[in-house]
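Working notes, beginning with the structure itself.
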There are 2 protein chains.
Amino acid sequence: MKAQPETKEEPRVPLSRERVLHAAVALADEAGIESLTMRRLADKLVSEAMSLYYHVENKEALLDGVADLILGEIIHVTSKVEGPADQWKTTLRSKVLAAREILLRHPWAPQLIQSRTNMSPSSMRYFDSLIGLLLDAGFSIDLTHHAMHALGSRALGFTQEMYDDSTAPDEETIAMLLEQVADEYPHIATMVKGITHDAETTLGWCDDQIEFEFGLDLILDGLERRREKKRSPGR
Amino acid sequence: MKAQPETKEEPRVPLSRERVLHAAVALADEAGIESLTMRRLADKLVSEAMSLYYHVENKEALLDGVADLILGEIIHVTSKVEGPADQWKTTLRSKVLAAREILLRHPWAPQLIQSRTNMSPSSMRYFDSLIGLLLDAGFSIDLTHHAMHALGSRALGFTQEMYDDSTAPDEETIAMLLEQVADEYPHIATMVKGITHDAETTLGWCDDQIEFEFGLDLILDGLERRREKKRSPGR
DNA sequence: ACCTGAACACCGTTCAAGT
DNA sequence: ACCTGAACACCGTTCAAGT
């Protein structure tokens with residue numbers, strides 16, 4: 001009886017870099033990245049701001065660690081997506097869409113990842129796997145290099161949307177507002193009025209997933225064509 | 001003589017929203033966006049932090065204004081780029097590259113523009129003009145809509161580069177570092193070693209301009225093909 | 001109408017001190 | 001080895017007061 005810890009108080013898990021980083025992700029998920037301050041993170045861990053500095057060099061290092069944690073998730077999930085070398089396109093597509101699913105759960109992550117100079121081990125491993133995929137599929141080294149740049153952040157499953165419709169008003173309100181300024185932005189007005197609405201995606205007039213896949217396929221198709229252009233002369 | 005202002009002291013131009021915003025851009029250009037604080041901006045204007053609040057609601061509004069100022073520059077320059085409707089591709093290309101030139105002079109601007117919910121008049125006008133360009137060229141409304149999403153921030157002349165090579169070490173150092181971890185990232189190592197170096201762009205192994213244009217052309221080509229696919233059946 | 005100073009709440013971080 | 005409290009420099013912003 002005596003040996004058992006007192007049931008009244010929490011076991012008081014000691015801090016660790018792991019715990020700090022995971023708590024940071026949780027805090028950002030719950031309250032947004034702007035709420036991630038050293039003091040509030042410490043509160044969440046029932047500790048003091050200064051205690052964090054024992055496990056993390058400073059706030060920049062904390063953010064680096066958080067970004068790497070997310071990238072670690074991505075590489076973990078995407079590494080399971082495999083396929084034969086001649087089907088590079090569907091394999092790459094699936095990997096990217098798998099990455100996207102993770103980032104959709106952490107809406108603050110894209111901006112954070114962009115802002116870091118991303119030479120972290122996790123992102124290196126991820127890009128290494130994508131490069132290997134293309135080289136194995138017979139891409140030239142130069143084209144592979146171009147492909148990585150052309151994909152850019154899309155390779156990680158996100159494009160920074162120009163208009164963030166998560167905070168946007170509903171479709172009807174937009175249509176109404178737009179009516180008022182239709183003479184100033186005639187083409188936008190035409191476009192919004194004329195867009196085909198799928199019955200299924202009636203949520204908003206921009207289905208992010210569809211637009212993401214459209215853009216991704218545009219690039220993948222273009223890469224495929226450029227790959228074949230180089231090969232066909234010898235044919 | 002008496003009527004003239006004393007030559008000794010500055011004319012003491014009064015503050016204005018215009019002056020505040022332009023000073024903010026200048027400060028960000030000189031010292032980086034993280035140096036743009038109300039207090040330092042006031043210093044630059046030989047004034048007090050609180051005085052700024054008379055011309056700008058708060059810091060968020062200041063940043064909105066700054067973003068809009070840059071977008072204003074872009075629309076000003078790109079509106080001069082014109083061409084016949086059947087040459088939508090080269091016209092659009094030129095507009096985008098013109099926008100890019102402006103953003104290259106304000107390296108902090110892409111991130112700022114991304115972070116704002118971009119319904120500002122300037123950005124609306126810009127996108128309106130691009131949409132008009134495509135509609136005039138015979139794009140369907142749906143394809144025009146997809147096109148705007150696919151271009152995304154590229155329409156404004158930037159893609160958030162995954163690896164910021166402005167802070168990266170020189171090519172030789174990278175090659176050396178990479179040698180040490182070649183077994184961990186074999187494909188990256190292969191790629192970096194094998195990339196063709198143009199004699200002219202020997203500055204670094206990634207020429208941002210070339211990569212930007214490659215990605216842009218990939219998308220423009222893809223859009224062109226999808227446009228023709230829709231038309232050819234009736235042909 | 002336009003500007004300012006003192007004051008407040010909240011940052012990240014240093015440093016010396018506790019166990 | 002790990003954690004903490006007081007203190008510092010620096011934020012954005014409110015508010016009452018100056019011209």
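Chain letters run A, B, ... following the sequence lines, proteins first and then strands; every chain starts at 1.
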Any donor-acceptor N/O pair, B/Arg19 side chain to B/Pro14 backbone, under 3.5 Å: yes
N/O donor-acceptor pair under 3.5 Å between A/His149 side chain and B/Glu211 backbone: no
Within residues 25-34 of chain B, residues whose heavy atoms come under 4.0 Å of DNA chain D: none
d(CG, A/Leu45; C1', D/dT4) in whole Å: 15 Å
Rounded interatomic separation in angstrom, taking CG from A/Leu52 and P from D/dG5: 13 Å
Exam field: side chain B/His22 to backbone B/Glu18, donor-acceptor pair closer than 3.5 Å: yes
Base-pairing assignment for D/dC10 (Watson-Crick or G-U wobble, both under 3.5 Å): none
A/Arg100 NZ/CZ over A/Phe212 ring centroid, <6.0 Å and within 45° of normal: yes
B/Glu60 with B/Arg116: basic N within carboxylate O range, under 4.0 Å: yes
Letter per nucleotide, 5' to 3', of nucleotides 8-19 of chain C [B base touched, S only sugar-phosphate touched, - untouched; heavy atoms, 4.0 Å]: ---BBBB-----
Side-chain ion pair, B/Arg93 and B/Glu213, N-O less than 4.0 Å: yes
Any A/His55 side-chain nitrogen or oxygen under 4.0 Å from OP1 or OP2 of D/dA1: no
Main-chain N/O of B/Met38 paired to B/Lys59 side chain as donor or acceptor, under 3.5 Å: no
Side-chain N or O of B/Tyr54 closer than 4.0 Å to phosphate OP1/OP2 of C/dC2: yes
Test: A/Lys44 and A/Glu30 ion pair at under 4.0 Å: yes
Phosphate contact (D/dT4 OP1 or OP2) by A/Ser47 side-chain N/O below 4.0 Å: yes
Nucleotide forming a Watson-Crick or wobble pair with C/dC3, both distances under 3.5 Å: none
Pairs where residues 95-119 of chain B contributes a residue and the test ring-ring contact (aromatic ring centres under 6.0 Å, His included) is met, not counting sequence neighbours: B/His106-B/Trp108
Gap between atoms CD and C1', on A/Glu48 and D/dA7 respectively (whole Å): 15 Å
